[in-house]
Amino acid sequence: MRHKTKQVKMSIELIIRDKVVEAVEKLYGQTVDSSLVQLQNTRKEFEGDLTVVVFPFLRMSKKSPEQTASDLGKFLQDHVAEISRFNVVKGFLNLVISSSYWLNVLNDAVRQETYGYKQVTPESKLVMVEYSSPNTNKPLHLGHIRNNLLGFSLCEILKANGYKVVKTNIVNDRGIHICKSMVAWLKWGNGQTPESSGIKGDHLVGDYYVKFDQEYRKEIAELVEKGLPKEEAEQQAPSMQAAREMLRKWEAKDPETIELWRTMNQWVYDGFDVTYRELGVDFDKIYYESETYLYGKEEVLRGLREGIFYQKDDGSVWADLTGEGLDHKILLRSDGTSVYMTQDIGTAKERFNDYKIDKMIYVVGNEQNYHFQVLSILLDKLGFEFGKGLHHFSYGMVELPNGKMKSREGTVVDADDLMAEMVEVARKTSEELGKLEGYTEEQARETYKMIALGALKYFILKVDPKKNMLFNPEESIDFNGNTGSFIQYTHARIKSVLRKAADKGISVDYNLDQGIAVEGKEQELIKKISLFPDVVSEAGEMYSPAVIANYVYDLVKEFNQFYHDFSILGEEDPGKRNLRLILAETVGKVIKLGMKLLGVDVPERM
RNA sequence: GCCUCGGUAGCUCAGUUGGAUAGAGCAACUGCCUUCUAAGCAGUAGGCCAUGGGUUCGAAUCCCGUCCGGGGUACCA
């Protein structure tokens, strides 16, 4: 799935490919493979729809590029009904496709409810996608937002490509990090709860995590003052001792510790639920590290028994990966506790037990590339045939104008705050423009939220997932230009036109008159529409929401030019008006279907 | 040090089987609302595609070197 496969092109392209092969045989007596036929969309400045690059055939024709292109052009025009004209510029053969062909494309598109999507069938392959994967010691921030949006969108894209998808989340609910929050809460919390304080649970627990760190630093400073080396001070600080002790008690299943752990984790889950709901993401199955790490431990010990792994004198367990060109990797600490990798081995095993997974995808930041490379190898060594097939969907980090986000330095952009702020800006903008008059308060609020989240999601998803991206809070809240709002706005405009048409009693006739003249701009739009199914499958092959985002932007830009230059309802000729209505409706549909793949809703009005 | 990803307009980003004169948005400047929503449309300006070689009819794209930046690199997750 990951490797580049040839896109399934629309039929006309296949026909042209075949005919070029045939032409080369007939004209020059040479057999060529159709992969030699380079077909591309004709550049705007030339007349034509599709262009054949003829350079590869010069060796066969033994003629000039122009002559060769001209030979092929004549042959194609005579043998392909859809080609109405052609012209030659240097080695480029530009083909003009007849307007009736484009009208047929539009006809197909307007009639299909989920144009461009593939159906999921009982035979479809099952893909499990892990995303989000938060720690339970602090609220979600901008980095998580990119993760969640990419994960959710990827799932939508896979579904649209005919895959069954299980969305999963592994919650890192155990370990020293949550113990730090617990220690701090016990020391300084005075029994504070989300209810008593009015603070959202994940934020409350996060506040105690920060509190812990502050006190811990103070303690280190004091100890260093007394002459201890820094490393030793870090180990001996009372807070850290307390956190370690808490972890030991947790692993020993001390009832009080477990009870506190459950309580505080539940506060966090309640908080996360709110954030996930606001963000519009969800999961089919949630795994908890506190459960899976034990399975991982079992597997590692089995590996040790079977001689796949080895043990050092201090009791720690290791994997030797030098045969794979990597280093040695620790799997169990000398005190027998498990590490991140142990947990992931256990989780993977559980998942493949629970589901008949054909493909497993981990949506995790690129700082963990090495981790997943190792995980894949270890599972393979342990005899799991799925090991080699794991896919790490590795995405870049989100940077802020003043550098990286550091929770300890207070430079994180909190997910809840960010969404609330964007909704507020959307409300102000919308009220200034006065576009929602007549809407109830409820409807208006929904629209503000839709606009705010659309802007945020599009801003993040339009960039290539692999790359690091910069998030400038001021720019990101812009609603003009290449933004989600621009796309939503165009959808609202289209809906407005369609409403007005209905008001005027103009009904759309879906039997397009084949003889109708199609304007250049209209044909450009149909061409853009015709690309959508290819774009969906490309996004699925490349695991890239950005492909969808950039396509929808192009389409919308094209539509707005058309909208500006041509009147739809003001058109006198009923046939032309009908064509334009169908065009508008289809563009609206593609916008909606495309944005759905990004997890973005589009409004009827804005 | 080693591994890995990246470097395209002042800023944020497109540009994927190598193809024609490298594209958008933001910011700046200029026009367009008695006409279907101006969150729009049109225009001006802005580029040695980090850099040096190579491959070929043709390179932002492929290969090698160099510089700069991100991330990882044996008991954090």
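Per chain, numbering begins at 1; letters A, B, ... match sequence-line order.
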(message) Of the options B:U37, B:A20, B:G6, whose atoms approach the side-chain atoms of A:Tyr489 most closely?
(response)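 Nearest to the side-chain atoms of A:Tyr489, counting from C-beta on, is B:U37.
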With rounding to whole Å, what would you report as the distance between [N] and [M] at their [atom1] atoms?
N: B:G54; M: B:U17; atom1: C1'; result: 22 Å
N: B:C41; M: B:C26; atom1: P; result: 9 Å
N: B:A9; M: B:A24; atom1: P; result: 15 Å
N: B:U61; M: B:G6; atom1: P; result: 13 Å
N: B:G47; M: B:U21; atom1: C1'; result: 13 Å
N: B:A60; M: B:G23; atom1: C1'; result: 12 Å
N: B:A50; M: B:G31; atom1: C1'; result: 38 Å
N: B:A28; M: B:G46; atom1: C1'; result: 10 Å

For [X], which contact category applies under a 4.0 Å heavy-atom criterion: base, sugar-phosphate, or nothing?
X: A:Ala546; result: nothing
X: A:Ser133; result: nothing
X: A:Asp173; result: nothing

Nearest whole Å is fine: how far is [N] [atom2] from [X] [atom1]?
X: A:Arg43; N: B:U21; atom1: CZ; atom2: P; answer: 8 Å
X: A:Ile591; N: B:A39; atom1: CD1; atom2: P; answer: 16 Å
X: A:Glu437; N: B:U37; atom1: CD; atom2: P; answer: 14 Å
X: A:Glu572; N: B:U35; atom1: CD; atom2: P; answer: 17 Å
X: A:Lys90; N: B:G58; atom1: NZ; atom2: C1'; answer: 10 Å
X: A:Tyr395; N: B:G6; atom1: OH; atom2: P; answer: 17 Å

(message) Could you work out, with ring pair (Phe, Tyr, Trp, His ring centres under 6.0 Å) as the rule, every residue matching A:His491, not counting sequence neighbours?
(response)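 Partners of A:His491 by the ring pair (Phe, Tyr, Trp, His ring centres under 6.0 Å) criterion come out as none, since no residue qualifies.
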(message) Under 5.5 Å centre to centre and under 30° between planes: does that hold for A:Phe55 and the six-membered base ring of B:G19?
(response)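 Yes, A:Phe55 stacks on the base of B:G19.
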(message) With the criterion set at under 5.5 Å between ring centres and under 30 degrees between planes, would B:A20 be stacked on A:Phe92?
(response) yes
Output a table of nitrogen or oxygen pairs between the protein and nucleotides 60-63 of chain B separated by less than 3.5 Å.
none

Using atom names, set out every protein N or O paired with an N or O of nucleotides 8-13 of chain B below 3.5 Å, distance rounded to 0.1 Å.
| residue | atom | partner | partner atom | Å |
| --- | --- | --- | --- | --- |
| B:C13 | OP1 | A:Leu470 | N | 2.6 |

(request) Go along nucleotides 72-77 of chain B 5' to 3' and tag each nucleotide: B for a protein heavy atom under 4.0 Å from its base, S when only backbone or sugar atoms are that close, - otherwise. (result) SSBBSB
(message) Do A:Asn161 and A:Val536 have side chains that approach each other closer than 4.5 Å (heavy atoms only, starting at C-beta)?
(response)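 They are in contact (side-chain heavy atoms under 4.5 Å apart), so the answer is yes.
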(request) For residues A:Ile568 and A:Phe566, determine if any side-chain heavy atom of one lies less than 4.5 Å from a side-chain heavy atom of the other. (result) no
(request) Take the angle between the ring planes of A:Tyr543 and A:His391 and call it parallel below 30°, perpendicular above 60°, tilted in between. (result) perpendicular
(message) Check the orientation of A:His371 and A:Tyr340. Use parallel for under 30°, tilted for 30 to 60°, and perpendicular for over 60°.
(response) parallel
Let's test this: given Watson-Crick or G-U wobble pairing with both distances under 3.5 Å, identify the partner of [N].
N: B:A24; answer: B:U12
N: B:G6; answer: B:C68
N: B:G1; answer: B:U73
N: B:G18; answer: none
N: B:G43; answer: B:C29

(message) Within 45 degrees of the ring normal and closer than 6.0 Å to the centroid, is that where the cationic atom of A:Lys329 sits relative to A:Trp318?
(response) no
Can you check nucleotides 41-43 of chain B for protein contacts, nitrogen or oxygen pairs under 3.5 Å, and list what you find?
| residue | atom | partner | partner atom | Å |
| --- | --- | --- | --- | --- |
| B:C41 | O2' | A:His564 | ND1 | 3.0 |
| B:A42 | OP1 | A:Gln561 | NE2 | 3.1 |

Whether [X] side chain and [Y] backbone form a donor-acceptor pair below 3.5 Å:
X: A:Asn135; Y: A:Asn137; answer: no
X: A:Thr68; Y: A:Ser64; answer: yes
X: A:Tyr551; Y: A:Lys528; answer: yes
X: A:Ser338; Y: A:Gln343; answer: no
X: A:Lys462; Y: A:Asn482; answer: yes

(message) For a quick check under 3.5 Å, do A:Arg43 and A:Asn94 share a side-chain donor-acceptor pair by atom type?
(response) no
(message) Between A:Tyr287 and A:Asn169, do the side chains contain a donor N or O and an acceptor N or O under 3.5 Å apart?
(response) no
(message) Taking side-chain hydrogen bond (donor to acceptor under 3.5 Å, both in side chains) as the definition, give me every residue that meets it alongside A:Gln38, ordered by chain and number, with sequence neighbours left out.
(response)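 Testing A:Gln38 for side-chain hydrogen bond (donor to acceptor under 3.5 Å, both in side chains), a comparison that skips the adjacent residues, returns none.
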(request) Mark yes or no for a side-chain to base donor-acceptor pair under 3.5 Å between A:Thr490 and B:A39, with no hydrogen or angle criteria applied. (result) no
